[in-house]
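Remarks on the structure that follows.
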Amino acid sequence: MIGRILLVISWIYIFFGVLGIFRFSNMYSRLLTSSKIDTVASITAIIALVFYTGIGEYTVKLILILVFILITGPISNHIIVRSAYLNEIPVNEKEVKGWKL
Amino acid sequence: MILIVTMFLLVGAMLFSLIRLIIGPTIWDRLLALNLISAKTILLIALYAVYTERPVLLDISLSAGIIGFLTITLFARFIIAGGRSN
């Protein structure tokens with residue numbers, strides 16, 4: 001039961017992750033929010049799967065995947081933003097309102 | 001049933017990330033989209049493993065995660081080392 005509720009919650013995160021990609025004007029804010037929300041969506045979905053399948057052979061592997069996502073998610077996003085920053089992308093571009101593709 | 005819906009939602013999210021990959025003005029938007037797609041594949045394979053009751057598939061999703069992480073790292077190093085940066 002808990003697994004189903006958590007899965008539904010992960011839907012919301014996935015939806016906002018997608019929304020975050022298109023909605024922000026500044027590239028850095030786009031990078032920040034969509035990566036953060038995406039990692040949270042992954043965590044929620046994996047925990048939902050753990051509850052969904054109960055204790056068994058799935059749980060160990062799912063926990064391993066969860067730990068992997070927890071470690072590499074933020075690191076890979078940091079790498080992206082660092083390479084953007086080092087190549088002199090101005091951080092505080094002027095805020096452009098509305099959809100900026 | 002709820003797993004199938006989640007899988008379809010994930011595929012939809014991947015398609016949107018693909019759109020961002022195509023139109024992304026800078027390289028780093030494309031890298032972000034690539035990162036999102038690799039994260040979504042981890043989830044998709046895990047969900048499929050649970051849906052078809054095959055725990056073997058979970059190893060594949062872990063290796064997909066490793067590959068995705070390595071891709072991002074190598075791309076970033078390529079860009080920092082003076083690749084084509086517009």
Side-chain angles (χ1 to χ4, degrees), chain A residues 3-5 7-8 10-11 13-15 17-22 27-28 30-32 34-35 37-39 41-46 48-50 52-53 56-62 64-69 71-73 75-89 100-101, chain B residues 1-3 5-6 9-10 12-17 19-21 23-36 38-40 42-47 49-50 53-59 61-62 64-66 68-73 75-83 85-86:
Chain A
R4 292 173 191 277
I5 298 171
L7 262 180
V8 173
S10 72
W11 291 354
Y13 281 126
I14 291 170
F15 171 71
V18 169
L19 191 66
I21 293 175
F22 292 105
M27 191 198 72
Y28 282 98
R30 197 182 310 151
L31 281 171
L32 165 70
S34 56
S35 60
I37 291 182
D38 172 61
T39 314
S42 310
I43 293 167
T44 319
I46 295 289
L49 284 180
V50 168
Y52 190 84
T53 54
E57 50 196 335
Y58 288 92
T59 322
V60 176
K61 290 183 180 175
L62 280 172
L64 265 175
I65 292 175
L66 180 68
V67 168
F68 181 78
I69 287 178
I71 294 172
T72 54
I75 287 181
S76 61
N77 292 312
H78 169 70
I79 287 171
I80 294 174
V81 178
R82 181 174 172 270
S83 75
Y85 184 72
L86 285 183
N87 286 55
E88 299 98 29
I89 292 287
K100 179 173 179 301
L101 292 181
Chain B
M1 211 293 287
I2 203 169
L3 286 174
V5 176
T6 317
L9 202 67
L10 275 173
M14 272 196 210
L15 289 179
F16 277 109
S17 309
I19 293 173
R20 170 50 69 184
L21 192 90
I23 59 174
T26 63
I27 296 178
W28 295 281
D29 293 316
R30 295 191 172 96
L31 264 180
L32 168 72
L34 180 68
N35 189 18
L36 290 183
S38 73
K40 296 286 190 277
I42 304 173
L43 273 181
L44 201 63
I45 300 173
L47 276 162
V50 171
E53 280 99 21
R54 286 205 206 98
V56 179
L57 291 182
L58 289 174
D59 310 337
S61 79
L62 194 62
I66 294 171
F69 177 64
L70 280 181
T71 317
I72 297 290
T73 319
F75 264 125
R77 285 185 64 83
F78 171 69
I79 289 172
I80 289 178
S85 68
N86 52 357

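With values rounded to the nearest 0.5 angstrom, A/Arg82 atom CZ is found 12.5 Å from B/Ile79 atom CD1. Rounding to the nearest 0.5 angstrom, the gap separating the CD1 atom in A/Ile5 from the CD1 atom in B/Ile2 is 9.0 Å. Rounded to the nearest 0.5 Å, atoms CH2 (B/Trp28) and OH (A/Tyr28) are 7.5 Å apart. To the nearest 0.5 Å, atoms CG (B/Leu36) and CG (A/Asp38) are separated by 4.5 Å.
Proximity of B/Val5 to A/Leu7: side-chain heavy atoms (C-beta onward) are nowhere separated by under 4.5 Å. Side-chain contact between A/Phe68 and B/Leu62 is present, with at least one heavy-atom pair separated by less than 4.5 Å. Residues A/Phe22 and B/Ile23 are in side-chain contact: their nearest non-hydrogen atoms beyond the backbone lie under 4.5 Å apart.
Shown here for B/Ile72 and A/Ser76, the closest heavy-atom pair between the two residues is CG2-O, 3.8 Å. Of all non-hydrogen atoms in A/Trp11 and B/Thr6, the two that sit nearest each other are NE1-OG1, 2.9 Å. Residues A/Arg30 and B/Asp29 share a closest heavy-atom pair of NH1-OD1, 3.1 Å. Annotation for B/Ser61 and A/Ile65: closest pair OG-CD1, 2.9 Å, computed over non-hydrogen atoms. Across all non-hydrogen atoms, the minimal contact from B/Ala46 to A/Leu62 is CB-CD2, 4.5 Å.
For A/Tyr58, the parts lying near chain B are the backbone and the side chain together; criterion is any non-hydrogen pair under 4.5 Å. With a 4.5 Å cut-off on non-hydrogen atoms, A/Tyr52 touches chain B through its side chain but not through its backbone. Heavy atoms of A/Ile80 lying under 4.5 Å from chain B belong to its backbone as well as its side chain. Using a 4.5 Å cut-off between heavy atoms, B/Leu58 touches chain A through backbone and side chain atoms alike. For B/Phe69, the part sitting under 4.5 Å from any heavy atom of chain A is the side chain, from C-beta outward, and nothing else. Looking at A/Thr53, the atoms closer than 4.5 Å to chain B (heavy atoms on both sides) all sit in the side chain, from C-beta outward. Contact annotation for A/Ile79: both backbone and side-chain heavy atoms come within less than 4.5 Å of a heavy atom of chain B. For A/Ser34, the parts lying near chain B are the backbone and the side chain together; criterion is any non-hydrogen pair under 4.5 Å. When heavy atoms are compared at a cutoff of 4.5 Å, B/Ala49 approaches chain A solely by way of its backbone atoms N, CA, C and O.
By number of non-hydrogen pairs under 4.5 angstrom with chain A, the leading residue of B/Leu10, B/Leu9, B/Ile19, B/Leu31 is B/Leu9. Taking A/Gly73, A/Ala45, A/Ser42 one by one and counting their heavy-atom pairs under 4.5 Å with chain B, the maximum is reached by A/Ser42. Comparing B/Leu47, B/Ile42, B/Val50 by heavy-atom pairs within less than 4.5 Å of chain A, the highest count is held by B/Val50.
No more than 12 heavy-atom neighbours from other residues, nucleotides or ligands sit within 6.0 angstrom of OH on A/Tyr13.
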side-chain contact (heavy atoms from CB on, under 4.5 Å) between A/Leu49 and B/Leu3, intermediate numbers included: CA-CA 9 Å; A/Leu49 284 180; B/Leu3 286 174; 3.9 Å; yes
